[in-house]
Amino acid sequence: MLPKTYDPKPVEEKRIALWESVEAPGAQTAKGSFVVVIPPPNVTGALHLGHALNLSIQDALVRWRRLQGARTVWVPGTDHGGIATQNVMEKSLKAAGETRMSLGRDEFVRRLRSWTEECRGTIRKQMKRLGAALDWERDAFTMDQDRARAVFAAFKALWEDGLVYRGERLVNWCVRCGTALSDIEVEREERKGRLWHIRYPEAGKGRDSGLVVATTRPETMLGDAAVAVHPDDARYRAIVGKRLTLPLVGREIPVVADAAVEAAFGTGAVKVTPAHDPDDFEIGGRHKLAAIKVIGPDGKMTAEAGAYAGLSREAARDKVVADLEAGGFLVKTEDHRHAVGVCYRCSTTIEPLLSEQWFVRMEELARPALAAIEKGDFRIFPANWEKPYIEWLRRLKDWCVSRQIWWGHRIPVWYCRTCYDERGAARRPDAKPQVGLEAPARCPVCGGRDFFQDPDVLDTWFSSALWPISVFGWPEETDDLKSFYPTDVLVTGYEILYLWVARMQMMGLRFRKSVPFRHALIHGIVRDKKGRKMSKSLGNVVDPLDMIPKYGADALRFSLLSQAHPGRDIPFAEDSLIGPRNFANKIWNATRFVLSNLPETPPAKPYAVSGGLELADRWIVGEFASMRRFLEEKIESYEIASAAGEIYGFLWDKFCDWHLELSKIRLQGEDPAAKETARGVLVCVLARTLRLLSPFMPFITEELLEALAPYVGRLSEEDLKEDSKSREEMSRVIEATSALRSLRAHLNVPPGRPIRVTAVGNGAAAESLKAQAPYLRFLAKIESLEFSVSGAKPAHSATAVACGLTFYVPLEGLIDLAKERARLEKELAKAESELQKIALKAENPEFLARAPEPEKALAHAARQSARDKKESLLRTLAELD
RNA sequence: GGGCCGUUAGCUCAGCGGCAGAGCGUCCGCCUUACACGCGGAAGGCCGCAGGUUCGAACCCUGCACGGCCCACCA
């Protein structure tokens, strides 16, 4: 016998062990296939609630399609996580008093490899505990051998097609991480800063000559190459072409006219520092200005900065400002809020830095991706993400893919020591780097035999971009690739839509000529209950592994899924696990009840739904059918939360509260045939509902289904029709029951005390209720129930009005006249306001003239019943004794 | 500067043209032999504001306000 309260722990342990030992369902090709590739979590530690959400959604989809008979493939995996992972390792080294330099590259990478293995083990275990039905034999890692082969193949192909190039460009540099970043890896942060107004005097003239520039970064003035003004700016027309003396430095710089200058901002004159500002770099290019690097990769001032060399960016700023002020060049200082670029991994202010990097040319890659979304070959759910996605693809600039870190795929490029110096700078104009996994034998340019490999690694997102093809063995033309690519849906958060989703589209289209996934389901971020992002520093991180022992994995999944509206963030409160935990217990007990009403030894012929159905049976079967259809539609459109809510309501509010209760009449009764019918419906409907619920709550449902299995027989598809007639009849039973229960509660009739009821009224409703009298008797605990077409109110009775009938309940001695009058008056007031509202609509000539017929009929009927109710209440009040 | 999303019951959110819904919380009864992680009953809403379209608007349109997010080269 099952325990009274559901205890998730033993069930989960048992199921996990069982799933471990059983092969995933084999090829059932009849109903097609469903392929999903996991967004591989970084190997930076344990999984968080966001991962739990992501996994729960995918698992629900995969299990759902598996139920439908599809061959499902869900590929697990992890991502080496580049900078993020390296940072984690560096932090732990620091705690041990070491640095990556002290370890050396080989040892550092070796340690990361071993950490990775440990971390992958943790992640796998966590995924299993959540119940994720992944195909573990396919487990992949972005830095394992197969994936490395794909990375090399992709790099080589892009190189050969001229889409990869090396060049000196202004890139986003994180001085803390010591590496270049791509544009999307830079986040914007509003910071309060200042706007310094600095006078740049005309060369050879006095302190008051020249013009005043406004800047937020005075320290970069040391590298100024010009001052720019707008060509149409009348204030400065005369000075364009003249030369200025750069304060503190003494260098002469020109005044140039450039349309990029915003005349209305600041003073309308902008200092141009090509080596330290992206816009200035552009201007510098147009006017052939020198790019003077005054800040180095370490964030400190270079030798070019003269007296400031060696100072940090921040210290140099202070000193420059002080010196400008001392020299009388500082005109004024204003407070100024502006957005500063910061590293997405460590929030350090980004330094635009001129350096030699590897880039991927994006235009040709983006074009097919744009076409795919515009043609609908690729769709995003919710669709409102499509517009920003398209915009992003249109504006795409080249992708800086080299990173000056150690953890990642080493760039497969070799430099000949004759053609290049040790820092990779070309010694001769025709020098050409060689792409290969190994050093080439001879340099095709100079015949040299001595090579060194590029020290940089590739952006971690480069390997991620190849994920949907690399997991199936690309560049080999594998069977997997042929059968499983393109995949069906990618489930991920909006925060990596550009960083990852767009790039997979581009690479998939480039190398496989078709989209890597037809749909992207974008879910939100799991936040804390105040709506803040979960972060270690805020201390508001909720660990899924803390929640599972307390509430169960099914409850955690169901909680997240119930809130997983496409694209919406989830403010997560631990309280949200209570409902789902209780729900699991409810299911458990419903099944326990059903089982307890079945013989211990399963019958030779399992219980089926066949003849002899009564209203409650027809009703629940019809409701089941409509619930199932709803679920199919919602899951099809990825509205997981709606689907979860629907099945919850069906099981609890319909199956348990009404059908199961009504079944008790027959189960406790004496009619063996009726008993069998009731058992059949209970078993079949419950089992089928559990099956539909299993994608959401796999542990408990599988456990219970296993217990039910020997009893479950057929519930034929023909019988699974929505049944509006039964729904209507049942709704009357429910309405009348509720009215009588309400009356009992208001008049404090103890629940255990039976009542006698006289129902007065005629018509179809009366007839149908009369037919269901046993239901009413049972549900409202009525000892005698009489129906009459007309009749006066019996003495000392309370009254309930429902379904066009008046129910009199004699309550000698129990009835408090004043209380009853008050209750009835309240009812009457409610009925009157209802009638007024509906009458206003039903009698409105405009409504009658223009509204569609069914709508009018509905309004008419509603008015009639509101009127009946009011009259019945009025009569009752008049007769009140 | 552009774009997107949100504003509905005390809290967290569904609903997105035809009499305002759920979960949690609150109040009142109940250990009614499946479940007190439960059962029954209730209270609680100018559906952000102002216009418009419509017979009819929480829902569609236009503004506005307040939150949040994304993108963007005002130094």
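Note on naming: letters A, B, ... go to the chains in the order of the sequence lines (proteins, then strands), and numbering restarts at 1 for each one. Remember, it's a predicted structure, so these values are computed and weren't measured experimentally.
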Taking any heavy-atom pair under 4.0 Å as a contact, classify A:P852: base, sugar-phosphate, or nothing. base
Value for CE (A:M221) from OG1 (A:T215), rounded to nearest 0.5 Å, stands at 9.5 Å
Under 4.0 Å, counting only non-hydrogen atoms across every strand here, what does A:K781 touch: a base, just sugar-phosphate, or nothing? nothing
All side-chain hydrogen bond (donor to acceptor under 3.5 Å, both in side chains) counterparts of A:D277, not counting sequence neighbours: none
For a quick check of understanding: with a heavy-atom distance under 4.0 Å over all strands, which category does A:H336 fall into, base, sugar-phosphate or nothing? sugar-phosphate
Does the side chain of A:R592 get closer than 4.0 angstrom to OP1 or OP2 of B:A34 through an N or O atom? no
Counting only side-chain nitrogens and oxygens, does A:K664 get under 4.0 Å of the OP1 or OP2 atom of B:A34? yes
Between A:V594 and A:K841, which residue's closest nucleotide on RNA chain B lies nearer the 5′ terminus? A:K841
Applying a 4.0 Å non-hydrogen cut-off, can you work out what A:A573 is touching in the nucleic acid: base, sugar-phosphate, or nothing? nothing
Does A:E189 reach the main-chain N or O of A:V342 with its side chain, forming a donor-acceptor pair under 3.5 Å? no
Counting the atoms with a prime plus P, OP1 and OP2 as sugar-phosphate, which does A:A862 contact under 4.0 Å by heavy atoms, base, sugar-phosphate, or nothing? base
Counting the atoms with a prime plus P, OP1 and OP2 as sugar-phosphate, which does A:L195 contact under 4.0 Å by heavy atoms, base, sugar-phosphate, or nothing? nothing
A:R568 near the nucleic acid: base, sugar-phosphate alone, or nothing, with a heavy-atom cut-off under 4.0 Å? sugar-phosphate
With a 4.0 Å cut-off on heavy atoms, is A:T5 in touch with a base, just the backbone sugar-phosphate, or nothing at all? base
Please state how far atom CD1 in A:I570 lies from atom C1' in B:C5, giving the value in whole angstrom units. 15 Å
For A:W399, does the six-membered ring have the charged nitrogen or CZ of A:R503 within the cation-pi criterion, i.e. under 6.0 angstrom from the centroid and within 45° of the normal? yes
Does the side chain of A:K837 get closer than 4.0 angstrom to OP1 or OP2 of B:C19 through an N or O atom? no
Given the structure, check if the side chain of A:E661 and the base of B:A34 hold any donor-acceptor pair shorter than 3.5 Å. yes
Could you give the CG-to-C1' distance, from A:L743 to B:G40, as a whole number of Å? 13 Å
OP1 or OP2 of B:C39 versus the side-chain N and O atoms of A:W652: is any pair under 4.0 Å? yes
Could you walk me through whether A:D224 and A:Y200 pass the side-chain hydrogen bond (donor to acceptor under 3.5 Å, both in side chains) test, one step at a time? CA-CA 11 Å; A:D224 279 1; A:Y200 284 19; 2.5 Å; yes
N/O (side chain, A:K826) to phosphate O (OP1/OP2, B:A42) under 4.0 Å: no
In whole angstrom, give the distance that lies between atom CG of A:L289 and atom P of B:A75. 20 Å
May I ask you to verify whether the side chain of A:K586 and the base of B:C35 hold a donor-acceptor pair under 3.5 Å? yes
Name the nucleic acid region contacted by A:R744, choosing base, sugar-phosphate or nothing; use a 4.0 angstrom heavy-atom cut-off, strictly under. nothing
Just to be sure I understand the rule, does A:F583 reach a base, reach only the sugar-phosphate, or reach nothing, if contact means heavy atoms closer than 4.0 Å? nothing
Once you round it to whole Å, what is the distance between C1' of B:G18 and CG of A:L840? 14 Å
Heavy atoms under 4.0 Å, any strand shown: does A:P388 hit a base, just sugar-phosphate, or nothing? nothing
Row check, A:F593 ring normal vs A:K664 NZ/CZ: under 6.0 Å, within 45°: yes
Could you check whether A:R741 gets within reach of a base, just the sugar-phosphate, or nothing at all, counting any heavy atom under 4.0 Å? sugar-phosphate
Check whether any side-chain N or O of A:N582 sits under 4.0 Å from OP1 or OP2 of B:G38, and answer yes or no. yes
Base, sugar-phosphate alone, or nothing: which one does A:N597 contact when heavy atoms must sit under 4.0 Å apart? nothing
Figure out the CD/P separation between A:E846 and B:A57, and round it to whole Å. 13 Å
Name the residue closer to the 5' end of RNA chain B, choosing between A:G266 and A:K387 according to the nucleotide with the nearest heavy atom. A:K387
Separation between the P atoms of B:G67 and B:A57, rounded to whole Å: 30 Å
When you get a sec, tell me which of B:G41, B:C71, B:C55 is the closest nucleotide to the side chain of A:R395? B:C71
